[in-house]
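One structure is given below, encoded as structure tokens.
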There are 2 protein chains.
Amino acid sequence: MKRKITLKHIARELDVSISTVSKALKNSPEISKDTREKVQAFARLYNYKPNNIAISLKNKRTRNIGVIIPDIVHHFFTTVFRGIEHYANDRGYNVIVCVSDESFDKEVVNMELLANGSIDGFIMALSAETQQKQDFNHLKELGEQGIPLVLFDRVTSEVACDKVIIDDQAAAQMATQRLIDSGKKRIALFTTESFLNVSAKREAGYRRALEKSGLGVDDNLIIRLPHQFEEETLSAAFFESQEFDAVLCVNEIFAIRAMRIAQELQRDIPGEISFIGFTDGLLSKYANPGLTAIAQHGEEMGRVAAELLIDRVEEEDDLEQELPPYRTCIIPVSLIERESTQLAPSKN
Amino acid sequence: MKRKITLKHIARELDVSISTVSKALKNSPEISKDTREKVQAFARLYNYKPNNIAISLKNKRTRNIGVIIPDIVHHFFTTVFRGIEHYANDRGYNVIVCVSDESFDKEVVNMELLANGSIDGFIMALSAETQQKQDFNHLKELGEQGIPLVLFDRVTSEVACDKVIIDDQAAAQMATQRLIDSGKKRIALFTTESFLNVSAKREAGYRRALEKSGLGVDDNLIIRLPHQFEEETLSAAFFESQEFDAVLCVNEIFAIRAMRIAQELQRDIPGEISFIGFTDGLLSKYANPGLTAIAQHGEEMGRVAAELLIDRVEEEDDLEQELPPYRTCIIPVSLIERESTQLAPSKN
DNA sequence: TTGTAGGCGTTATCAG
DNA sequence: CTGATAACGCCTACAA
């Protein structure tokens with residue numbers, strides 16, 4: 001097996017110095033046409049490719065970006081990831097992924113590992129545990145070390161950095177309003193425990209819509225389900241004990257499961273009960289009936305996050321140039337209407 | 001912002017040589033207790049961490065593994081990825097992902113990029129296009145360069161390397177047999193165009209079961225759908241034109257969509273028609289009725305792939321030791337029974 | 001036109 | 001016990 005060839009090999013074979021080879025390969029006018037051609041031919045023949053690691057060491061730039069997400073088997077994150085990956089590749093960057101599994105410790109460990117030279121910057125969504133603990137020292141340290149960071153979706157105001165989010169509150173408010181506009185009076189909310197930033201904001205939007213419309217909030221219509229808990233009795237009981245004609249869910253799985261319970265109880269969808277879920281994933285699309293969903297446009301989110309990050313990484317090269325202030329980009333959501341609702345036409 | 005600290009900085013501050021610092025940090029007995037403690041204290045204070053890149057350059061080992069998959073927004077690949085990531089992390093490796101988007105060119109470009117020193121080995125599933133073209137030179141080259149490769153799921157016999165697969169043929173045969181055992185006589189197959197290796201094998205298993213049982217194969221009951229094509233008329237027409245009492249689908253989406261068409265035609269599931277799909281993902285689990293599915297245990301597959309790869313990467317360190325022959329691991333599948341079938345109890 | 005030397009950060013060898 | 005030196009592969013300012 002022919003091991004990777006280096007400048008040194010070429011130099012030795014051709015009986016020139018390493019720097020001559022290096023320059024010749026870059027087509028430097030310093031080198032005679034003759035030598036250039038000789039070197040280039042040889043390099044092509046042996047399929048020479050510069051060693052990324054050596055270049056990284058020299059340039060102190062790896063062209064790798066680190067992505068840390070709570071869970072990879074999750075449609076939304078996966079979609080964002082695709083956006084990141086595509087954009088990064090287009091700009092010549094590779095992506096190193098670590099999964100925090102919603103654990104604070106894994107998040108910290110992974111970041112420290114990558115921060116020691118493996119990457120030029122991070123894109124991440126906070127783990128549930130990190131949000132719960134409200135401990136962001138590992139993120140603040142990045143700033144001190146001059147490693148750019150972009151947070152997306154699960155962000156915090158405690159850390160100064162670029163951010164990409166959707167306006168969760170406005171989205172929930174819009175969805176709730178659309179349900180109200182379609183004549184629904186008693187709208188339930190299926191949400192998670194509230195330490196998740198996004199859930200809290202979605203709840204706020206839901207409340208706001210109800211208040212503004214004059215329907216008012218009935219706290220009995222809000223059910224808080226454990227985050228990853230697979231059990232139906234809680235929600236089934238909720239269906240028995242409360243009266244409602246529409247449901248807003250903070251995620252897709254809650255919506256699918258709620259819809260299924262309704263079907264088992266022989267409720268007509270969307271006539272008796274309408275459903276809207278956050279996250280427009282495969283489940284919404286292929287549900288029967290199709291689930292009306294708030295699309296978060298994860299791919300776009302990833303694209304923007306990667307752009308913010310790479311721009312900043314590359315700005316840092318222009319030494320001591322004033323860096324632009326941190327930005328927060330808000331990705332617009334859209335409501336994908338399917339059979340689980342019968343909405344009046346939107347006003348805009 | 002305090003930039004990353006290096007051995008050199010420490011050496012200068014403490015007025016000792018770089019090599020002394022290096023040794024002291026490794027607790028080398030060569031160094032006096034005094035110096036060791038002084039150095040270690042200083043290092044801790046300034047949170048010194050060795051630079052990964054420099055170490056990679058020196059060791060010619062990056063502790064990164066490259067994963068190339070056709071699509072990240074795909075439950076099965078995502079599951080395999082999780083298995084890889086977890087196992088790799090446990091052994092101190094990071095994962096660099098590239099997505100081929102089912103394109104041959106992207107596969108080649110990504111691999112070449114990473115192969116220049118960024119990774120110690122590859123884990124990949126072939127893109128559709130690569131399988132179609134049957135061009136595997138980029139993979140063969142890895143062998144020549146001494147870069148270990150593990151193929152999973154979408155493999156080829158053209159390349160000598162470690163492989164991890166499920167026995168697609170046996171799985172399809174088993175599923176078909178179970179349908180037969182439950183009394184079904186006319187079993188349809190929904191598959192893709194046949195250049196996908198796995199589809200071909202699944203079809204073979206389906207045929208084998210029908211032949212062995214004496215039912216025989218009716219080619220009219222096999223429908224070939226475009227791989228990523230989102231249209232229902234083809235399959236709807238199939239439902240109209242053919243009589244069948246069970247359906248085996250080579251993937252989850254086909255199954256969900258077929259099931260939905262059946263529901264729209266008011267067919268009783270599983271009484272009139274039973275359904276089984278490959279890939280036990282979210283859609284199968286949350287479908288209504290739940291879809292009986294062949295679980296490929298992607299996470300286990302990823303774990304095994306990562307183990308094969310890392311073992312081989314690390315074996316290569318033990319210079320000139322005879323490398324073990326290439327292995328092909330077969331991950332057993334299992335049938336997850338849900339409401340879309342009414343199977344007789346399995347014989348084993 | 002070509003080559004030398006130094007450096008990126010680390011480690012290993014060997015000399016002091 | 002400590003330090004100088006060379007090496008990993010590449011680049012570049014400066015010398016020849």
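Letters A, B, ... mirror the listed sequences (proteins, then strands); counts begin at 1. Keep in mind it's a predicted model, so treat the numbers as computed, not measured.
- Distance CG (N51(B)) to C1' (dT11(C)): 13 Å, rounded to an integer number of Å.
- Taking the six-membered ring where the residue is Trp, Y46(A) and F42(A) present tilted rings, their angle falling between 30° and 60°.
- Straight-line distance from the CD1 atom of I18(A) to the C1' atom of dG9(D): 8 Å, rounded to whole Å.
- Counted by atom type alone, E299(B) and T79(B) present zero donor-acceptor pairs between their side chains at under 3.5 Å.
- At a threshold of 4.0 angstrom between heavy atoms, the contacts of I55(A) are confined to the sugar-phosphate backbone, with no base atom among them.
- Contacts of K58(A) with the nucleic acid, taken as non-hydrogen atoms under 4.0 Å apart, include base atoms.
- Computed from coordinates, the R36(A) CZ to dT2(C) C1' distance equals 13 Å when rounded to whole Å.
- In this structure, CG of N27(B) is placed 14 Å from P of dT11(C), rounded to the nearest angstrom.
- The nearest whole Å value for the distance from the CZ atom in R61(B) to the P atom in dG9(C) is 24 Å.
- Closest approach to the S19(A) side chain among dT12(D), dG9(D), dT10(C) is made by dT12(D) (side chain taken as heavy atoms from C-beta onward).
- Using cut-offs of 30° and 60° on the angle between ring planes, the pair H74(A) and F77(A) is tilted.
- Spacing between atom CG of N52(B) and atom C1' of dT11(C) amounts to 15 Å, rounded to whole angstrom units.
- In this structure, the nucleotide among dC8(C), dT11(C), dT2(C) sitting nearest to the side chain of T35(A) is dT2(C).
- Nearest to the side-chain atoms of K8(A) among the listed nucleotides dC8(D), dC10(D), dT10(C) stands dC8(D).
- One finds no side-chain N or O of K23(B) lying less than 4.0 angstrom from the OP1 or OP2 phosphate oxygen of dT11(C).
- Note: CD (E30(B)) to P (dG16(C)) measures 16 Å, nearest angstrom.
- One cannot find a donor-acceptor pair under 3.5 Å joining the base of dT2(D) and the side-chain atoms of S32(B).
- Taking the nucleotide of DNA chain D with the nearest heavy atom to each of I31(B) and L57(B), the more 5' of the two is matched to I31(B).
- Between Y48(A) and the phosphate of dC10(D), there is a side-chain N or O to OP1/OP2 separation shorter than 4.0 Å.
- An OP1 or OP2 oxygen of dG9(C) is reached within less than 4.0 angstrom by a side-chain nitrogen or oxygen of K60(A).
- Contact between the side-chain N/O atoms of S17(A) and the OP1/OP2 oxygens of dG3(C) is found at a separation under 4.0 Å.
- A salt bridge does not link E85(A) to R82(A): none of the charged side-chain nitrogens sits closer than 4.0 Å to a carboxylate oxygen.
- Closest to the V16(A) side chain, of the nucleotides dG9(D), dT12(D), dG3(C), is dG3(C).
- The CG atom of L142(B) lies 4.0 Å from the CE atom of M111(B); values are rounded to the nearest 0.5 Å.
- Going from atom CG of L113(B) over to atom CZ of R63(A) covers 9.5 Å, rounded to the nearest 0.5 Å.
- Along DNA chain C, the nucleotide nearest P29(A) and the nucleotide nearest L7(B) are compared for position; the residue whose nucleotide lies closer to the 5' end is P29(A).
- As rounded to whole Å, 10 Å separates atom P of dC1(D) from atom CG of D34(B).
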